Amino acid sequence: MPALIDDPLSPPNYRQSGLPPFLQQNSPLPSSITPNTVTLRDGTITTLIPFSSVSQVPPGLIKCLCDLLNREIEAGDTYPMLDPIPPEKFGPYWFANFAVVALKGELEEVTGLLKGEGREREVKWDEVVFGTHYIKPNYPGRSSHICNAGFLVHESARGKGIGRVLGEGYIKIAPLLSVKGYVYSVFNLVYESNTASCRLWDSLGFDRIGRVPGCGQLKGYDKLIDAIQYGRHLVPEGEAAGKVAAKDVQQGQEPESLQADKTASGISAKTEVNPEVLL
């Protein structure tokens, strides 16, 4: 469920607007952002692990996620890129500002998966990765307090509701990054043919703020596909980002602020939407 238009090979944007200090690479995360264990729809346990720098991510995990993105690029119907991204470029791109990786099991940190009997062990990442998302500024400089996110769900985890868990987590975490976090989210490019993603963002209180006619020449289609641009307030207007509650995200439960937003926008908090995200 991509939402990006930036070039993965270009230098990343960093936060420069809003109230400093801003989250820097390798800097400690706010105390409210910690690994979060979630039970998925089928009873599977997953842990959402936050990262503030690519240096914190095991090389094998970077390669696994890079391969996942490249399979989506090759499929040609969700991401706009044409060429695969090498792992040495993927890591600095995906983890430039902040990212979350959903791993199978209950973990306190990624080292809990790496170490066994006091020594490092080999991990078959394709068997434990459920999904990931990043958070970064959508615009440079004076507008860098507006954020964007990109999402990937592993093929083995589809149908478990991990897409909704990642989406709800994004809505909660983005306002907590830095003293005053991101205040508004923009998704630049969600192809209209990606109906599962569109249903998910519609159900999570995002507004359809724009349409780009015929912007996707996608594989499997004999016509150009429109893209939807989504926007969403991440904190109530006039409320400091630091006051947003950081409760654990649980499958099937939504933050109170999310329910309020959905009621205000005319979307029932009880609306049932297929949470499966097909990338």
Side-chain angles (χ1 to χ4, degrees), residues 1-13 17 68-85 90 93-94 96-97 131-153 155 158 163-164 166-168 170-171 174 182-234 258 261-262 264-268 271-279:
M1 44 181 180
L4 76 166
I5 57 172
D6 58 332
D7 180 359
L9 303 183
S10 63
N13 287 326
S17 60
L68 177 57
L69 175 58
N70 285 336
R71 290 196 294 273
E72 292 302 322
I73 293 173
E74 175 60 28
D77 59 355
T78 56
Y79 277 84
M81 294 86 84
L82 292 172
D83 300 320
I85 302 172
F90 171 83
Y93 164 67
W94 200 265
N97 284 263
T132 181
H133 74 80
Y134 65 69
I135 302 176
K136 62 176 64 176
N138 191 59
Y139 308 108
R142 299 183 188 278
S143 296
S144 57
H145 57 285
I146 308 300
C147 67
N148 170 264
F151 296 79
L152 289 168
V153 173
E155 297 90 340
R158 291 173 184 166
R164 176 171 288 274
L166 291 172
E168 290 177 350
Y170 164 61
I171 291 170
Y182 295 104
V183 299
Y184 192 81
S185 168
V186 173
F187 292 167
N188 303 290
L189 192 66
V190 181
Y191 292 125
E192 192 174 37
S193 55
N194 193 347
T195 55
S197 288
C198 291
R199 286 197 301 266
L200 178 64
W201 302 129
D202 288 338
S203 74
L204 290 180
F206 284 79
D207 297 317
R208 297 190 176 204
I209 60 174
R211 174 183 291 270
V212 185
C215 78
Q217 186 175 354
L218 308 182
K219 286 186 178 181
Y221 295 88
D222 57 5
K223 64 176 182 179
L224 297 176
I225 302 299
D226 290 2
I228 306 298
Q229 295 176 323
Y230 282 95
R232 190 190 193 283
H233 289 282
L234 297 173
L258 174 59
D261 284 353
K262 291 168 73 172
S265 63
I267 301 175
S268 170
T271 300
E272 295 184 2
V273 179
N274 179 6
E276 181 177 1
V277 180
L278 300 178
L279 293 178

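All values reported here derive from a predicted model rather than from experimental measurement.
Closest approach of Cys198 and Ile228 over heavy atoms only: SG-CG1, 4.5 Å. Taking both residues in full, the closest heavy atoms of Cys215 and Leu189 are given as SG-CD1, 3.5 Å, listed atom of the first, atom of the second, then distance. Closest approach of Asn13 to Pro140, counting heavy atoms only: OD1-CB, 3.7 Å. Nearest heavy atoms, Tyr184 versus Arg232: CD1-O, 3.3 Å. Taking both residues in full, the closest heavy atoms of Tyr182 and Pro137 are given as OH-CD, 3.5 Å, listed atom of the first, atom of the second, then distance.
Considering only heavy atoms from C-beta on, Asn138 stays 4.5 Å or farther from Cys147 through its side chain. Taking the side chain as every heavy atom from C-beta outward, Lys219 and Glu74 approach each other to under 4.5 Å. Counting heavy atoms from C-beta on, the side chains of Trp94 and Leu152 come closer than 4.5 Å. With a 4.5 Å cut-off on side-chain heavy atoms, Tyr230 and Ser185 do not count as touching.
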Stepwise, does the side chain to side chain contact (heavy atoms under 4.5 Å, CB included) test hold for Val212 with Asp226?
CA-CA 6 Å; Val212 185; Asp226 290 2; over 6 Å; no
Intermediate values then yes/no, side chain to side chain contact (heavy atoms under 4.5 Å, CB included), Tyr170 and Ile135:
CA-CA 8 Å; Tyr170 164 61; Ile135 302 176; 3.6 Å; yes
Worked check of side chain to side chain contact (heavy atoms under 4.5 Å, CB included) between Leu204 and Arg164
CA-CA 9 Å; Leu204 290 180; Arg164 176 171 288 274; 3.4 Å; yes
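Not counting sequence neighbours, Lys223 has no partner by the salt bridge (charged side-chain N to carboxylate O under 4.0 Å, His left out) test. Partners of Ser193 according to the side-chain contact (heavy atoms from CB on, under 4.5 Å) rule, which considers only residues two or more places apart in sequence or in another chain, are Tyr191, Leu218, Tyr221, Ile225. Applying the side-chain contact (heavy atoms from CB on, under 4.5 Å) rule to Asn70 yields the partners Cys66, Ile73, Pro84, Ile85; only residues at least two apart in sequence or on another chain are considered. In terms of the side-chain hydrogen bond (donor to acceptor under 3.5 Å, both in side chains) criterion, residue partners of Glu192 (sequence neighbours excluded) are, by chain and number, Arg211. Partners of Tyr139 according to the ring-ring contact (aromatic ring centres under 6.0 Å, His included) rule, which considers only residues two or more places apart in sequence or in another chain, do not exist here. Residues meeting the side-chain hydrogen bond (donor to acceptor under 3.5 Å, both in side chains) test with Ser17, sequence neighbours left out: Ser144, His145. Taking the salt bridge (charged side-chain N to carboxylate O under 4.0 Å, His left out) definition, one finds that Arg208 meets it with Asp202, sequence neighbours left out. Evaluation of the side-chain contact (heavy atoms from CB on, under 4.5 Å) rule for Glu155 yields Leu68, Arg71, Arg158 as partners, not counting sequence neighbours.
The backbone N or O of Leu200 lies less than 3.5 Å from a partner atom in the side chain of Ser203, making a donor-acceptor pair. No side-chain donor-acceptor contact under 3.5 Å links Asn148 to the backbone of Lys136.
Relative orientation of the Phe187 and Phe206 rings is parallel, given thresholds of 30° and 60° on the angle between their planes.
Separation of atoms CG (Asn194) and CZ (Arg199) is listed at 9.5 Å; rounding is to 0.5 Å.
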